[in-house]
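These notes are about the structure you will find just below.
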2 protein chains.
Amino acid sequence: MLSQTAEYALRAMVSLATSGGQSRTTQELAADAHVPLDYLSKILNSLAKAGLITGQRGRGGGFHPTARASGLTVLEVVSAVDPLKRIKTCPLGLAAHGTNLCPLHRKIDDAMQTVEVAFAGTTIESLVGKSFCETEECHAV
Amino acid sequence: MLSQTAEYALRAMVSLATSGGQSRTTQELAADAHVPLDYLSKILNSLAKAGLITGQRGRGGGFHPTARASGLTVLEVVSAVDPLKRIKTCPLGLAAHGTNLCPLHRKIDDAMQTVEVAFAGTTIESLVGKSFCETEECHAV
DNA sequence: AATTATCTGGATAAGGTTATCCAGATATCG
DNA sequence: CGATATCTGGATAACCTTATCCAGATAATT
């Protein structure tokens with residue numbers, strides 16, 4: 001459903017949100033979110049370019065959420081790195097259809113819309129609970 | 001959301017359902033569903049192996065739905081070629097979680113479940129309407 | 001200024017999905 | 001039986017996503 005990239009981006013954002021606006025390095029985030037360091041680096045870059053976080057170079061640097069990140073939703077994070085592709089025109093290339101999708105694609109797009117709405121209604125903050133964990137065992141690993 | 005393969009499989013099954021149990025060749029299906037011929041060939045093979053359709057070789061051959069295909073749902077077709085991967089255990093590899101997902105993954109899996117339910121509640125038959133089309137222009141293309 | 005920590009970004013590799021090609025098996029028709 | 005139509009399935013290529021490597025830029029600390 002979500003690409004690996006989107007999944008990683010969400011984990012990183014949740015992890016960042018956990019430390020309440022404070023800076024965290026790529027290393028810390030990678031360790032916490034269990035994301036390959038160098039790959040996460042690219043993803044954080046995308047999130048920075050999308051304006052969701054800011055990177056600070058040099059010693060003591062790291063990433064922190066921007067002002068815009070308050071009330072940030074799952075959908076916004078996903079959209080920043082790997083947007084859900086809603087079906088707007090007939091995938092068969094039948095231009096004649098216009099906005100009038102075949103029953104099949106209408107159904108598929110409806111499902112996507114449901115997901116989109118669910119993600120738009122979920123803030124990153126609402127997902128914060130002992131980093132990723134609801135139980136104690138998490139950080140014992 | 002769906003892989004290309006799943007999308008193609010659905011188109012082919014809808015197309016097949018349109019001809020009401022009659023055999024259609026890979027060529028016909030490929031043309032109708034706008035799927036690359038040789039790739040569709042593989043997909044039909046998977047659907048056959050899953051028992052949703054039967055292939056008949058030789059002149060006059062083709063594919064037709066099996067008995068099991070009556071009442072067939074979108075979910076069953078998708079599952080035959082490229083199952084939705086529900087989240088059952090913590091993707092971070094935290095075995096300690098067991099069935100107890102982090103808030104993030106609980107949310108994502110809930111969305112997937114919604115999709116799954118929607119697909120399970122939609123039969124292929126219900127999607128049949130002038131092949132893929134609700135309008136006349138379709139087959140003019 | 002030198003050292004160290006950190007992000008930035010280019011190059012490249014590894015792996016999976018999608019697409020194509022084609023030889024072989026099988027069935028029908030004449 | 002020979003020709004033709006069709007599925008079957010292996011090999012391979014094209015492409016995209018994911019992952020890794022590493023040199024450079026920038027900032028803090030000593």
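Labels below follow one simple rule: chain letters A, B, ... track the order of the sequence lines, proteins then strands, and each chain is numbered from 1.
- One atom, CZ of A:Phe63, and another, P of D:dA27, lie 14 Å apart when rounded to the nearest Å.
- If you check every strand for non-hydrogen atoms under 4.0 Å, A:Ser3 touches sugar and phosphate atoms only.
- With A:Arg68 contributing its side chain and A:Leu52 its backbone, the two residues share no donor-acceptor pair below 3.5 Å.
- A donor-acceptor pair shorter than 3.5 Å cannot be found between the side chains of A:His64 and A:Gln56.
- Sorted by residue number, the members of residues 47-58 of chain A with any non-hydrogen atom under 4.0 Å from DNA chain C read A:Lys49, A:Gln56, A:Arg57, A:Gly58.
- Using a 4.0 Å heavy-atom distance criterion, A:Asp38 is classed as a base contact.
- Heavy-atom nearest nucleotides on DNA chain D were determined for A:Gly60 and for A:Thr5, and the one closer to the 5' end corresponds to A:Thr5.
- A side-chain donor from one of A:Thr73 and A:Glu76 sits under 3.5 Å from a side-chain acceptor of the other.
- The two residues B:Leu40 and B:Ala12 have their closest heavy-atom pair at CD1-CB, 3.9 Å.
- The two residues B:Arg24 and B:Ser15 make their nearest non-hydrogen contact at NH1-OG, 2.9 Å.
- Residues forming a salt bridge (charged side-chain N to carboxylate O under 4.0 Å, His left out) with A:Asp38 (at least two apart in sequence, or on another chain): none.
- The nucleotide range of DNA chain C contacted by chain A, defined by atoms under 4.0 angstrom from heavy atoms of the protein and reported 5' to 3', is C:dT4 to C:dA11.
- Here D:dC16 presents its C1' atom at 10 Å from OH of A:Tyr39, a figure rounded to the nearest Å.
- Nearest heavy atom pair, residue B:Lys85 against residue B:Met112, reads O-CE, 3.2 Å.
- We find that CG of A:Leu40 is positioned 13 Å from C1' of D:dT18, with the value rounded to whole Å.
- For the 3.5 Å distance criterion, the side chains of B:Tyr8 and B:Ser3 fail to qualify, holding no donor opposite an acceptor.
- As a whole-Å value, the separation of A:Asn45 CG from D:dT26 P is 14 Å.
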